[in-house]
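Note that these values count all heavy atoms, side chains included, but never hydrogens, waters or copies made by symmetry. Fair warning: this is a prediction, and the values are worked out from it, not measured in the lab.
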Amino acid sequence: MLLAAALAPVAVAADEDTPQQGSRTRHSSDGVIGKIAPKLSPRAKAPTTRVLSVWPVAPGVTVTSFDRIDARGNVRGYVAAVDLDEPGLSMDYLGADTVRTREAVSTMVEREGAVLGVNGDFFDIADTQAPLGVGIGRGPGVVHGPVEGWNAGFWIDRAGKPQIGELAVKAKIKQRPKLRLANYNSPTVAPGSIGAYSPDWGYTVGARVTDGQTKRVREVVVDRGRVISNRTRLSTGREIFGAVLIGRGKGAEQLRALRKGTRITVRPRVAGRPPVAITGNKQLLDEGVRTVVDDREMHPRTAVGIDRDTNTVFLTVIDGRQSFSRGYTMVELANLMLEWGCEDALNLDGGGSSAMAGLLPDGTLGVLNSPSDGSERKVPDGLQVVYSPPVG
């Protein structure tokens, strides 16, 4: 979509979409309750937009920064348009050293040699630090994810096309298909089920993955493809070399049969086997239709959207909790993604986690937005844009 058209003023959604006062939506990992947006009068003036800067980060990648003023106040935003048809341009999962490690987005972008990156999934900020949903990278494959419960996702399919919809990890034990795994490198093993942990998790963390449950639990340690221990106590600080299976309740009873020497191979996968994927909490747009109704809390925001006609991905960060930028509601964020021509869009972690890092107009790497904590919050994952000039 042309820039002028993308930033053309449109009216913010009317307040008949505002939910009841008691309803709550999870907006950010930090759990901060945002300021409530004032109700809009039907006679409110349409927002006005001022483009601050537009620059190419790499061939096929353009960043636009802008200020918008409307009846609710000032907002500052950043939109990176990524043309996936550009030769040499690709996207990938952006992750820290382990699933439970947190790093600044700019640190991860610099290490990976990417041209741009944004923060990703919501995460267990008060305990394990691990992402709540699905993460898949071109190198490591499936890194983490639950079978159900946090599955609204963005992915690149095997044909190189971006998609937004439902994702779920289907992890299984090759030799014991009847032992169904509910989680793979997730912050919590679902009650009555079995979770698996790989070297990507790092070290065991005891009852932190069982919500503090220490009875009717079981830990099975696998090394070099075979069970080396099976016990009813959960270890802490043990480095994972092969796999660790954690069972709760019925899941613990099922693991009891795995004796030392039993061959075990954990195989996580996602339907369609996408090479890249990440999840968020809410799909904002579905085939051009807004799917969120929360027009109350204003927060810093991060989102990813798709324009299928042009095979373009839009990475968006909205500043908030600051005097120059109030933040957006979910409805306002969905409306912005519509303005940019997105048919589908996904809300990622917001609040103090919202960050966009990439190449500045002078070619140096920096943080493009103004994180609400005053500096970048360390996060476990995100999305990165990589450019490798075609050879020949």
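How far CG of Leu179 is from CD1 of Ile194: 5.0 Å, rounded to the nearest 0.5 Å. Between the CG atom of Leu284 and the SG atom of Cys342 there is a distance of 9.5 Å, given to the nearest 0.5 Å. Here the OG-CD1 distance, from Ser193 to Ile246, works out to 11.0 Å after rounding to the nearest 0.5 Å. Taking CD from Glu103 and OG1 from Thr98, the interatomic distance works out to 9.0 Å, rounded to the nearest 0.5 Å. Rounding to the nearest 0.5 angstrom, the gap separating the CG atom in Leu338 from the CG atom in Leu285 is 4.5 Å. To the nearest 0.5 Å, atoms CD1 (Ile136) and CZ (Arg269) are separated by 11.0 Å.
Taking a 6.0 Å sphere around CZ of Arg233, one finds it holds 12 or fewer heavy atoms contributed by other residues, nucleotides or ligands. When the shell of 6.0 Å around CD of Glu287 is examined, it contains 12 or fewer heavy atoms from other residues, nucleotides or ligands. By the 6.0 Å contact criterion, CD on Gln175 is enclosed, its count of non-hydrogen atoms from other residues, nucleotides or ligands being greater than 12. Around the CZ atom of Arg273, the shell of radius 6.0 Å holds no more than 12 heavy atoms that belong to other residues, nucleotides or ligands. In Arg208, the CZ atom is crowded: over 12 heavy atoms of neighbouring residues, nucleotides or ligands sit closer than 6.0 Å.
Using a 4.0 Å cut-off between charged nitrogen and carboxylate oxygen, Asp349 and Arg377 do not count as a salt-bridge pair. A salt bridge links Arg248 with Asp211: at least one charged nitrogen is closer than 4.0 Å to a carboxylate oxygen.
Using a 4.5 Å heavy-atom cutoff, the side chains of Lys378 and Thr107 are not in contact. Inter-residue side-chain proximity for Tyr197 and Arg100 is flagged as unmet; no heavy-atom pair is nearer than 4.5 Å. Proximity of Ser198 to Asn185: side-chain heavy atoms (C-beta onward) are separated by under 4.5 Å at one or more points. Residues Thr316 and Tyr328 form no side-chain contact, since every pair of their non-hydrogen atoms from C-beta on lies 4.5 Å or further apart.
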For side chain to side chain donor-acceptor pair (under 3.5 Å), just list the numbers for Asp286 and Thr291, CA-CA rounded to whole Å, side-chain angles, deciding distance to a tenth of an Å, and then say yes or no.
CA-CA 7 Å; Asp286 185 4; Thr291 54; over 6 Å; no

Any chance you could lay out the side chain to side chain contact (heavy atoms under 4.5 Å, CB included) test for Ile240 and Thr204, step after step, and finish with the verdict?
CA-CA 7 Å; Ile240 302 173; Thr204 57; 4.1 Å; yes

With side chain to side chain contact (heavy atoms under 4.5 Å, CB included) as the criterion, how do Val118 and Val304 come out once you've worked through the C-alpha distance, each side chain's angles and the decisive distance to 0.1 Å?
CA-CA 9 Å; Val118 297; Val304 56; over 6 Å; no

The test is side chain to side chain contact (heavy atoms under 4.5 Å, CB included); show your working for Val379 and Met108 and say whether it passes.
CA-CA 10 Å; Val379 296; Met108 292 188 282; 4.0 Å; yes

Walk me through whether Asp70 and Glu332 qualify under side chain to side chain contact (heavy atoms under 4.5 Å, CB included).
CA-CA 11 Å; Asp70 60 22; Glu332 290 172 322; 4.2 Å; yes

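Using modelled atom types, one side-chain atom of Asn183 and one backbone atom of Thr188 make a donor-acceptor pair closer than 3.5 Å. Side chain of Arg290 to backbone of Ala334: no donor-acceptor contact under 3.5 angstrom is found. For Trp55 (side chain) and Leu359 (main-chain N/O), a donor-acceptor pair under 3.5 Å exists by modelled atom type. Panel note: side chain Asn369, backbone Met356; a donor-acceptor pair is recorded below 3.5 Å. At distances below 3.5 Å, at least one donor-acceptor pair connects side-chain atoms of Gln322 with backbone N or O atoms of Ser370. Counting only distance, with no hydrogens or angles, the side chain of Asp67 and the backbone of Asn74 share no donor-acceptor pair below 3.5 Å. A distance-only check finds no donor-acceptor pair linking the side chain of Asp200 to the backbone of Val143 [under 3.5 Å]. Although no hydrogens or angles enter the test, the distance criterion places a donor-acceptor pair under 3.5 Å between the side chain of His144 and the main chain of Gly133. Asp307 places no side-chain N or O within donor-acceptor distance of the main-chain N or O of Thr312, the cut-off being under 3.5 Å. Side chain of Ser354 to backbone of Val317: no donor-acceptor contact under 3.5 angstrom is found.
Transitive grouping of hydrophobic side chains (ILVMFWY, heavy atoms separated by less than 4.5 Å) keeps Val266 and Val147 in distinct clusters. Connection of Val61 to Val79 is not established within any shared hydrophobic cluster, with ILVMFWY side chains joined at heavy-atom distances below 4.5 Å, either directly or through further cluster members. Cluster annotation: Val169 and Val276 are assigned to distinct hydrophobic clusters (Ile/Leu/Val/Met/Phe/Trp/Tyr, side-chain heavy-atom contacts under 4.5 Å, transitive). There is no path of hydrophobic side-chain contacts, each under 4.5 Å, that joins Ile264 to Val244. Residue Ile278 is grouped with residue Val105 when hydrophobic side chains (ILVMFWY) are merged at heavy-atom distances under 4.5 angstrom, including chains of intermediate members.
Counting only residues at least two apart or on different chains, the ring pair (Phe, Tyr, Trp, His ring centres under 6.0 Å) pairs with a member in residues 118-138 are Phe122-Trp150. Annotation: salt bridge (Lys or Arg N to Asp or Glu O under 4.0 Å) contacts involving residues 163-179, sequence neighbours excluded, are absent. Sequence neighbours left out, the pairs with a member in residues 251-266 that pass salt bridge (Lys or Arg N to Asp or Glu O under 4.0 Å) are Arg216-Glu253. Identified under the ring pair (Phe, Tyr, Trp, His ring centres under 6.0 Å) test for residues 353-373, with sequence neighbours left out: none. Under the salt bridge (Lys or Arg N to Asp or Glu O under 4.0 Å) criterion, the residue pairs touching residues 308-321 are Asp30-Arg321, Arg308-Asp344, with sequence neighbours excluded.
Taking all atoms of both residues into account, the shortest heavy-atom contact from Val63 to Ala80 is CG2-CB, 4.0 Å. Across all non-hydrogen atoms, the minimal contact from Gly195 to Val189 is N-CG1, 3.6 Å. Residues Gly237 and Tyr203 share a closest heavy-atom pair of O-CD2, 3.3 Å. Smallest separation of non-hydrogen atoms from Gly34 and Glu297: N-OE1, 2.9 Å. Of all heavy-atom pairs between Thr236 and Val205, the closest is OG1-C, 4.0 Å. Ala71 and Leu40 get closest at one heavy-atom pair: CB-CD2, 3.7 Å.
The side chain to side chain contact (heavy atoms under 4.5 Å, CB included) test with Phe154 is passed by exactly one of Thr279, Leu348, Ile306: Ile306. Under the side chain to side chain contact (heavy atoms under 4.5 Å, CB included) rule, Val109 has a single partner from Leu94, Leu116, Val115, which is Leu94. Applying side chain to side chain contact (heavy atoms under 4.5 Å, CB included) to Trp155 and the options Val270, Ile164, Val134, Leu167 leaves one that passes, Leu167.
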Show the atom names and distances, to 0.1 Å, of all donor-acceptor pairs under 3.5 Å that link a side chain in residues 384-392 to residues at least two apart or in another chain.
residue, atom, partner, partner atom, Å
Gln384, NE2, Tyr93, O, 3.0

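When only modelled atom types and interatomic distance are considered, Glu376 and Ser106 share a side-chain donor-acceptor pair under 3.5 Å.
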